[in-house]
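Have a look at the structure below before the remarks.
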Amino acid sequence: MTGTGDAQKAFYITSPIYYVSGQPHIGTAYTTIACDVLARYQRLRGRDVVFATGTDEHGQKVVRGAADAGMSPQDFVDGLVADYKRAWERLHVEYSRFIRTTEPEHTRLVQRVFARLVASGDIYKAEYTGWYCIPCETYLLEQDLDDGNCPECGRPTEQVSQEAYFFRTSKYADALLHHIEEHEDFIGPDSRRNEVIAFIKSGLRDSCVSRTRSDWDIPVPDDESQSVYVWFDALLNYLTVAGYGDDEDRFERIWPADVQLMGKDILPRFHATIWPAMLMALGLPLPRTLFGHGWWSDADGQKMSKSKGNFIDPFETVQRLVEYSGTRTAFAVDALRYYVLREVPFGLDGSFSMRGLLSRFNADLANDLGNLLNRSLPLLQRYVDGIVPEAGPASGALAEDIARTVAGMETQLERLNYRDALIALWQLIARCNKFVDEREPWLLHKQGKRVELDAVLYDVVDCIRAVAILVSPFMPEVGEEVWDQLGLKHAGTRMSWADARAGALAPGTHINRGVPIFPRIDIDGVLAEQPEAAEEQQAATAKANAISFKQFQAVELVTGKVVEAERVPEADKLLVLRVDVGEAQPRQIVAGLAEHFNPRQLLGRTVIVVANLEPATIRGIESNGMILAAGEKQPLALITTDGEVEPGHKVR
RNA sequence: GGCGGGGUAGCUCAGAUGGUCAGAGCGCGCGGUUCAUACCCGCGUCGUCGGGGGUUCAAAUCCCUCCCCCGCUACCA
């Protein structure tokens, strides 16, 4: 994954380009931070690193978003791009290229690739007959439809019949499967890899890669009726960055990508299938590793979603950390970086909690790392005037521990095991703390054992120096600060991974003791002061989701009486009901109630019916309405009336 | 329902091919110490390794079965 030896080849790592429909949040930050850590690590090792992130700016959602905001699409995306760039800067993300799909360079490449694949026959024009979801810009097959509606957004779809361009994804299915099976590291983690294999084996369809022409999207070459589909456009950003078809030397140096990180949602369908198929069609080598990391849920394990309003805002989190601890913002940002990569194995889902963050802050950062620095430097000040002593023959006691840590971290980072890399590093920090206790430099000083004292002090500070280097990919500002406090910044010494070894510290260096980096937090205290935080958020959510009275009025609720009920054959959850709602004929309604109610239980019951819901066909059975039932995910109890009410009464 | 991944101490998690595998860190309790941000060090507590059956001299680790959770998918108007 990191490659070996070949000094010519750059280490190329990418984040996805983010769709500019909203602000950066903890999910996008997570991906980007993970990329940044790897990029910094490789830079420290002396690799030529290309780390690209950016924004995906085409598509009708952007046009609509701009219209909603009363802006031109260009002004709209420019504003969001500025937000993204600022966010990454604040999170200490040092990318080498920020790519926007609206750049002329990218547009040209997309058109070139499109034309080339048309010429080679890998993209073909065909009559498309099927359904289309306008808001999602997605073509759907009959089997994809959710009772006639879009499976993504739930809105009605339109039947369309038109010409469109298709990419022969199916042609590459076998080759792709073979590649995945031959290359263990191509897709990670293993659980995703299995999913992808199953997905491909289930049969790949050719991908529709064009849409009806829009002014905002990239035009299909030589066809005024079509624009390039935004996903096809977006994936190619990775090649634009590499200079494909534009700068051969650059491309040779950069491609293929070493690591492409992303959230697990966009791995199987896009990055692990269409994307490599496109590369195969272009005759290009595939990236070494595609990795889909897990999601963050909130402290209660609930998925983050707009409707719940429980999105974690990284900057608000950092702000709270600053308030609680009194640490500097830069260190709080690093603490957040540390937390997200330390708390959960990359690849698995995790839950994000303030308490968890504060707990890590105290236990790992304040107690272990911060305190190691803050106890060691005063020893040097007190006993050797703040000047790093000669190591002497008795030194080097921690050399093996350091070497083992470096080797361990390299192995883990190779596998994208950020968590285990950090665990390995913290074992070294613990070892160093313990070393101070064992050697009792204060005693050595009292006893006048100067040689031993010098050796101990040297080893400790030398080890901290290594820790500063090893921690800096994860916590760059903290690494810098430790470096500064050790006097190495002033001495003009640059960090390098190779110097993370015992004995590299120059005697005579003047240390530069600072204030504690991570002041301890009274966790129970600060959290007790903010009990209303969760409630506030809930209230805010409720407000954000509020509908007008008029909107409510649009829903026609009526009482009804179940006159017939039976199971839908071969369906576990569905019942087909006939409900008298005071109309000439009972309504036929299909309801997902079969798991909790048997048909007989429902007969004669008074229910509440959404009467003006548009008809839908479920399992081939027409449904004209909806029965209300309580239950978050599954219907647990029927909504019924207090007393006997005739069918057909309005429910207000 | 199908496919995939999981269920191991209060919490977060380690534990290829069966035999120091009953663990680590955090938390908690006790004791010690004091260079340090009440820190550090030592000791300790807690688990029927999801339930039940089986194979074996021996199973968290293999087999069967059941329960629960997550992801994808299908039928939740």
Side-chain angles (χ1 to χ4, degrees), chain A residues 143-144 146-149 151 154 189-199 201-202 264-265 268-269 292 294-295 297 301 303 325-327 342-345 347-351 353 355-356 359-360 362-383 419-420 423 426-427 430 433-434 436-445 456-457 460 515-523 568-575 589-596 609-610 612-629 631 633-635:
Chain A
Q143 69 216 47
D144 295 333
D146 197 2
D147 310 323
N149 293 327
D190 286 348
S191 54
R192 293 296 133 207
R193 186 167 179 265
N194 293 340
E195 208 172 294
V196 168
I197 290 172
F199 179 63
K201 282 185 175 166
S202 76
K264 62 183 184 180
D265 57 329
R269 276 156 199 282
W295 289 133
S297 58
K303 227 191 231 178
S325 69
T327 191
R342 168 61 241 261
E343 188 71 0
V344 169
L348 296 186
D349 293 347
S351 57
S353 76
R355 183 173 285 277
S359 169
R360 287 270 166 230
N362 271 357
D364 299 351
L365 301 181
N367 290 356
D368 294 349
L369 176 56
N371 192 235
L372 174 62
L373 186 70
N374 200 53
R375 69 190 298 205
S376 303
L377 297 187
L379 294 176
L380 264 81
Q381 268 184 333
R382 214 166 299 147
Y383 305 140
R419 182 174 184 269
D420 289 338
I423 288 172
W426 252 257
Q427 280 168 353
N433 261 321
K434 196 167 185 173
V436 175
D437 283 304
E438 286 169 357
R439 298 300 171 100
E440 300 181 289
W442 45 93
L443 258 186
L444 296 173
H445 176 256
V456 169
L457 294 180
V460 169
V515 293
I517 305 176
F518 301 115
R520 270 183 70 83
I521 299 167
D522 170 12
I523 296 179
V568 175
E570 289 168 52
D572 307 316
K573 299 180 183 178
L574 298 184
L575 293 179
I589 296 176
V590 178
L593 297 170
E595 286 187 318
H596 288 81
V609 176
V610 180
N612 62 338
L613 201 61
E614 60 182 4
T617 304
I618 303 156
R619 278 252 146 175
I621 302 169
E622 192 176 311
S623 180
N624 297 299
M626 175 175 171
I627 308 285
L628 297 190
K633 282 181 174 171
Q634 303 191 335

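The basis for the numbers below is simple: all heavy atoms, side chains too, and nothing from hydrogens, waters or symmetry mates. Note on naming: letters A, B, ... go to the chains in the order of the sequence lines (proteins, then strands), and numbering restarts at 1 for each one.
The distance from atom CD of A/Gln427 to atom NZ of A/Lys434, rounded to the nearest 0.5 Å, is 11.5 Å. For the atom pair CH2 (A/Trp426) and CZ (A/Arg360), the distance works out to 10.0 Å, reported to the nearest 0.5 Å. A distance of 9.0 Å separates CG of A/Asn367 from CG of A/Asn433, quoted to the nearest 0.5 Å. Of the inter-residue distances, the one linking A/Asp522 atom CG with A/Arg520 atom CZ reads 9.0 Å to the nearest 0.5 angstrom.
With rounding to whole Å, A/Asp522 atom CG is found 14 Å from B/G27 atom P. Taking atom CZ on A/Arg355 and atom P on B/U12, their separation rounds to 13 Å, with Å as the unit. Atom CD1 in A/Ile423 sits roughly 11 Å away from atom P in B/G15 (whole-Å rounding). Between A/Asp420 atom CG and B/A14 atom P the separation is 8 Å, expressed in whole Å. Taking atom CZ of residue A/Arg342 and atom C1' of nucleotide B/G25, one finds them 7 Å apart after rounding to whole Å. Going from atom CD1 of A/Ile523 over to atom P of B/C26 covers 13 Å, rounded to whole Å. When rounded to the nearest whole Å, the span between CE of A/Met626 and P of B/C75 equals 18 Å. The interatomic distance linking A/Gln427 (CD) with B/C13 (C1') rounds to 13 Å, in whole Å.
B/U61 sits 10 Å from B/C49 when the C1' atoms are compared, rounded to a whole Å. Taking atom C1' on both B/G50 and B/C69, the two are 11 Å apart, rounded to the nearest angstrom. For the C1' atom pair drawn from B/A9 and B/G52, the interatomic distance equals 23 Å after rounding to whole Å. Between B/C21 and B/G47, the two C1' atoms lie 14 Å apart (nearest whole Å). B/U45 and B/G31 have their C1' atoms separated by 14 Å, with the value rounded to a whole Å. Between B/G15 and B/C75, the distance separating the two P atoms is 38 Å to the nearest Å. Rounded to whole Å, the C1' atom of B/G4 lies 15 Å from the corresponding atom of B/A74. Atom name P, nucleotides B/A38 and B/C43: the rounded distance is 24 Å, in whole Å.
Two residues are said to be in side-chain contact when any heavy atoms from C-beta on lie closer than 4.5 Å; A/Arg419 and A/Val344 fail this criterion. With a 4.5 Å cut-off on side-chain heavy atoms, A/Asn374 and A/Val515 do not count as touching. A/Arg375 is listed as a side-chain neighbour of A/Asp437, based on a closest heavy-atom distance under 4.5 Å. Between A/Phe518 and A/Leu373 there is no side-chain heavy-atom pair separated by less than 4.5 Å.
Secondary-structure stems of RNA chain B, taken as three or more successive Watson-Crick or G-U wobble pairs (i with j, i+1 with j-1) under a 3.5 Å distance threshold, comprise B:1-7 with B:67-73, B:10-13 with B:23-26, B:28-32 with B:40-44, B:50-54 with B:62-66.
The residue A/Val610 sits apart from the nucleic acid: no heavy atom pair falls under 4.0 Å. As judged by a 4.0 angstrom heavy-atom cut-off over every strand, A/Glu343 is placed among residues touching the sugar-phosphate backbone only. Using a 4.0 Å heavy-atom cutoff across all strands shown, A/Arg269 reaches sugar-phosphate atoms only and no base atom.
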note = Under a 4.0 Å heavy-atom criterion, the protein footprint on nucleotides 31-44 of chain B, written with B, S and -, is ----BBB-SSSS--

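Evaluated for a side-chain contact (heavy atoms from CB on, under 4.5 Å) with A/Asp368, the options A/Leu365, A/Leu372, A/Asp364, A/Asn371 yield exactly one hit, A/Asp364.
Proximity note for A/Arg192 (side chain, C-beta onward) versus B/C26, B/U12, B/G71: the nearest is B/G71. Ranking B/C72, B/A77, B/U12 by closeness to the A/Glu195 side chain, first place goes to B/C72.
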inquiry  = Apply side chain to side chain contact (heavy atoms under 4.5 Å, CB included) to residues A/Glu440 and A/Leu444 and explain how you reach the verdict.
reply    = CA-CA 7 Å; A/Glu440 300 181 289; A/Leu444 296 173; 5.8 Å; no

request  = Begin from the C-alpha positions of A/Leu628 and A/Val609 and carry the test side chain to side chain contact (heavy atoms under 4.5 Å, CB included) through to its verdict.
outcome  = CA-CA 6 Å; A/Leu628 297 190; A/Val609 176; over 6 Å; no

